[in-house]
Amino acid sequence: MKKIVIAHLYYDLLNLYGESGNISVLKYHLNSLNVETTIIKLTVTDSLDFSDYDLVYIGSGTNDNLALVAKHLIVYKESFRHYIENGGFVLATGNAMSLFGEYDDIDSLKLFDYVAINTKKYADELVLDADFLENKLIAFKNTSLAFSIKNPLFSNNEGFKYNNFYAMNILGPVLYRNPELLNYFINKLLDSTQNLSIDIDNIAYNNYMNWKNKE
Amino acid sequence: MFTLLIGKTLIFLLGLLNRGTSLPGDVALRMNKNIWKYFKITDNVIAVTGSSGKGSTGKLLTQVLRNEGYNVITNAGSSNLDSAVLSLLIKNAKLNGNVTADYIVLEVDERYCKHVFPYVKPKHVIVTNITRDQPPRQGNPDLVYAEIIKALPKGVNLILNGDDPYLRKFNINNEYSTTYFGISKTKYSYSKSRYDNLNISYCPYCNTKLSYNFYHFEATGDYYCPNCDFKRNDIKFEISEVDYERYLITLNNETYKLTENMLYFIYNSLGVITISKLLGISYASIKQAIEKEYNQYSHVTLDINDRKVEVLNNKAENASTYNQSILYINRFSNAKVLVIGWKEISRRYDYDDLSWLFDIDFESLDINQIEAVVTMGINAYDIASRLKYCGIADSKLKPFIEVSDATEYIKDKTVSDIYAILNFDHMQPFINNMKEDNK
C-alpha cells in the first residue's frame with residue numbers, strides 16, 4: 001500500500017484564511033485512493049527532517065507570524081534546498097510564498113529569485129490561465145504582497161514552480177476551488193493517472209465560472 | 001448651522017419615508033468636513049467596537065442606562081460607520097448644536113473608529129472581540145487590531161474580555177486604564193485545545209507557546225506563558241457559574257436568567273454588566289435589561305409535524321460565531337438534518353470568498369448522527385463540497401439552489417430533527433417554507 005507523509009509546517013502560526021483546507025482536501029482524496037496518509041503538524045518548537053516527508057505544505061499567516069516562522073525555517077535552508085533538488089513536493093500558498101524568495105521584511109530563504117514587495121492590502125477574485133491545465137484557475141487574492149516573478153506559472157504574473165516546488169499567492173483554498181488543479185497535483189504526487197471523486201467540486205466550479213462569466 | 005439644518009431636513013424626510021440612517025451624515029460630511037466641531041456633547045460617550053457582538057452589546061447597554069432613568073441616544077443595531085454617528089448627532093442636536101443626552105452609546109465599525117473617535121471622544125471603549133471576520137474586507141485580526149488601537153484616545157477606559165489573550169495586546173506598548181471581565185472554570189470548559197487556527201497561540205511578549213489550565217472556546221480560557229509573567233489575571237468581574245440548561249449565570253451573588261444559552265451571549269452580557277457596574281448602575285436596572293433582552297431573529301425554534309426545527313442566524317464570513325453555532329448543535333446527540341445556506345455571502349460586496357468555511361470546525365460534528373446535510377443558495381454545491389471534506393458521505397449531501405426545493409426535500413424525504421445555520425437572508429424564506437402545510 002502506498003504511503004504518503006505530509007508535513008503541515010507552522011500549522012499554528014501560518015493558519016489564516018482556511019488554508020488548512022488544502023490539507024483536508026489532499027488527505028480526503030489520498031485516502032479515497034487507498035493511500036495511507038499521515039499528516040505531521042510541525043511548528044517553531046519542532047526540529048524538521050525533510051527526509052521524512054513526501055509533501056510539505058505551508059499556508060498564509062499574519063506578518064508577525066511570518067517573521068517568526070522565517071527565523072525558524074532559515075536554519076533549514078540547505079536541507080530544504082536538498083529536498084527540492086531531489087524532487088520533494090512543496091505547496092506554499094498565500095504569503096508563505098515569500099519565505100522562499102526575496103522579501104526584505106523577514107529572514108527569507110532566498111532559494112529562488114522571485115521578489116516580494118509590500119503593497120497596499122488588496123482583495124480580488126481572479127481567473128487565471130495555466131498551460132498545464134485545460135480549465136482556468138479560480139484565484140482568490142487577499143494580500144498586501146505583490147510578487148515579481150520571471151517565469152510565472154499562471155497568467156497575470158502569478159505562481160512559481162521549480163521541480164516539485166509549487167508556490168502561489170492564491171487563496172480559496174486553491175485546491176478546494178480548483179478540482180482540476182487538485183487532480184493534477186495528486187496524480188503528480190502519486191505518479192499516477194487516477195480519477196478523483198470530485199463531482200460536487202466540479203459542479204461548484206462550473207457554477208462559479210458560469211455565473212461570473214455572465215458579468 | 002446651515003449644514004445642520006439640511007441634515008435635520010433630510011432626517012425628517014427620510015423618517016417620513018421610513019428609511020435611511022446614515023444618508024444625512026453622508027451628505028453633511030460632504031457639505032462641511034468640519035461639522036463635527038459644531039456639536040456640543042456630553043463627556044459620557046461609550047463606544048462599542050469589535051468583530052462581533054457590537055450591536056447587541058450597544059443595544060443592551062442602552063437599555064440598562066434607560067432603565068436607570070438616563071437619557072441615552074444611540075446608533076447601536078443600525079449602521080455603524082462615521083456617517084451613521086454623525087446622523088445620530090444631527091438628529092438629536094438643537095439648532096445651536098447642543099445634543100441633549102446623559103449618555104451617548106456608539107456602535108462603531110472596527111475600521112471606522114479612526115474616523116469617529118477624534119471627533120466624538122469616547123470616555124469608555126468596549127472591544128467585544130477581535131476574530132476572523134469578513135476576510136476580503138477586514139483582512140486578518142492583526143490588521144483589525146492595528147486599526148482600533150491607532151484610534152484609541154489617550155486616557156480612554158477600556159473594557160475587555162480578560163479570558164482572551166489577544167485583547168491583552170492593547171496594553172503591550174502602553175497602558176490604558178482597563179477593566180477585565182471573564183468567566184471562571186465551568187462544567188463546559190475543556191482542557192485540550194480544539195482548534196489549530198487560533199488568532200493567538202504564542203505569548204505576545206516572549207513568543208513562547210501559551211499553555212492553558214482550561215479553555216472556554218477557541219483562544220479564550222485560563223492561559224499563561226510558561227516562560228514569562230504573561231497570563232490571565234486581574235479579572236474584576238468574573239462569572240463564577242454558568243448553566244446552559246437553566247439559562248443561568250452567576251456573578252458574585254447575583255444571578256441573571258438569560259434568554260439565550262450560548263457563550264457569545266454570555267460574554268456580550270458580561271461586557272454590559274461590567275461597564276454598568278463601573279458607572280454605578282443598580283443591579284435591578286441591569287438585571288431587568290438582560291433578562292428581557294431577546295432577539296427574535298437570532299434563534300428560532302419551531303415544531304413541524306412533531307419534528308423539532310432549530311434555526312440559528314449566523315453571519316456568513318465569520319468563522320468564530322459559526323463555531324459557536326456548531327458547538328450548540330453538538331449539544332444534541334439525536335439524529336439530525338443539518339441545513340446551511342445563504343442568499344448572498346455579503347451585502348457589502350460581490351466577492352465569492354469561501355475560505356472561512358475551512359476555519360469552521362465542522363469536523364467536530366458527529367457524522368453518524370447526520371441523516372442529511374441540506375445546503376441552499378447559489379453556493380449550495382460549494383458548501384456541500386466543504387462538508388464532504390469532513391467525511392460526510394456523498395449520498396447524504398443534498399444541495400439545492402432554491403430554498404423551496406430544499407424545504408420540500410426536507411419535509412418529504414427526511415425524518416430527523418432539523419438544525420439550520422442560516423444567513424439572515426435565508427431565515428424568513430426557510431422558516432416560512434417549513435411552516436407551510438404539507439400537501
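Note that the coordinates shown come from a computational prediction; the quantities given were computed from them, not determined experimentally. The figures here come from the full heavy-atom set of this structure, side chains too, leaving out hydrogens, waters and symmetry mates.
For B:Leu354, the parts sitting under 4.5 Å from any heavy atom of chain A are the backbone and the side chain alike. For A:Tyr208, the part lying under 4.5 angstrom from a heavy atom of chain B is the side chain only. Proximity to chain B is limited to the side chain of A:Asn142, based on heavy atoms less than 4.5 angstrom apart. Heavy-atom distances place the side chain of A:Lys41, and not its backbone, under 4.5 Å from chain B. Using a 4.5 Å cut-off between heavy atoms, A:Ile138 does not touch chain B at all. Within the 4.5 angstrom heavy-atom criterion, no atom of A:Thr143 approaches chain B. Using a 4.5 Å cut-off between heavy atoms, B:Arg386 contacts chain A through both its backbone and its side chain. Contacts between A:Asp12 and chain B at a heavy-atom distance below 4.5 Å involve backbone atoms as well as side-chain atoms. Looking at B:Gln138, the atoms closer than 4.5 Å to chain A (heavy atoms on both sides) all sit in the backbone: N, CA, C or O. With a 4.5 angstrom heavy-atom cutoff, B:Ile200 does not touch chain A via any of its atoms. Only the side chain of B:Asn207 comes within contact range of chain A, with heavy atoms under 4.5 Å apart. Using a 4.5 Å cut-off between heavy atoms, A:Tyr11 touches chain B through backbone and side chain atoms alike.
In this structure, the side chain of A:Tyr176 engages the main chain of B:Asp382 through a donor-acceptor pair within 3.5 Å. No donor-acceptor pair closer than 3.5 Å links the side chain of A:Asn207 to the backbone N or O of B:Asn379.
Of the residues considered (B:Ala380, B:Pro135, B:Pro141), B:Pro135 shows the highest number of contacts with chain A, using heavy-atom pairs under 4.5 Å. Ranking A:Leu171, A:Asp64, A:Leu13 against chain B, the residue ahead of the rest is A:Leu13, based on heavy-atom pairs under 4.5 Å. For the options B:Tyr349, B:Trp356, B:Tyr351, heavy-atom pairs under 4.5 Å to chain A are most numerous at B:Tyr351.
Salt bridge absent: A:Asp199 and B:Lys388 never bring a charged side-chain N and a carboxylate O closer than 4.0 Å. Of the charged side-chain nitrogens involved, none lies within less than 4.0 Å of a carboxylate oxygen, so that A:Lys212 and B:Asp352 do not count as a salt-bridged pair.
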- Chi angles and distances behind the side-chain contact (heavy atoms from CB on, under 4.5 Å) call for B:Asp142, A:Asn63: CA-CA 8 Å; B:Asp142 282 5; A:Asn63 290 348; over 6 Å; no

- Query: Taking it one step at a time, do B:Tyr389 and A:Leu26 satisfy side-chain contact (heavy atoms from CB on, under 4.5 Å)?
  - Reply: CA-CA 9 Å; B:Tyr389 289 114; A:Leu26 285 168; over 6 Å; no

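Pairing each heavy atom of A:Pro173 with each of B:Ser355, the nearest pair is CD-CA, 4.2 Å. For A:Ala123 against B:Pro136, the heavy-atom pair with the smallest separation is CB-O, 3.5 Å. Of all heavy-atom pairs spanning B:Arg132 and A:Leu16, the tightest one is NH1-CA, 3.7 Å. Summarising the geometry of A:Ser20 relative to B:Phe358, their closest heavy-atom pair is OG-O, 4.0 Å, with the distance given to 0.1 Å. Closest approach of A:Ile200 and B:Leu397 over heavy atoms only: CD1-CD1, 3.7 Å.
Between the CG atom in A:Asn206 and the OH atom in B:Tyr381 there is a gap of 11.5 Å [rounded to 0.5 Å]. From B:Asn197, atom CG reaches atom CG of A:Asn15 across 6.0 Å, with rounding to the nearest 0.5 Å. Rounding to the nearest 0.5 Å gives a distance of 7.0 Å between NZ of A:Lys121 and CG of B:Leu143.
Residue B:Asn174 qualifies as enclosed at atom CG: its count of foreign heavy atoms under 6.0 Å is above 12. Counting heavy atoms of neighbouring residues, nucleotides and ligands inside a 6.0 Å radius, atom NZ of A:Lys27 does not exceed 12 of them. At most 12 heavy atoms of other shown residues, nucleotides or ligands fall within 6.0 angstrom of atom CG in A:Asp191.
Considering only heavy atoms from C-beta on, A:Ser197 comes within 4.5 Å of B:Asp394 through its side chain.
Donor-acceptor pairing under 3.5 Å is lacking for the side chains of A:Thr45 and B:Tyr202.
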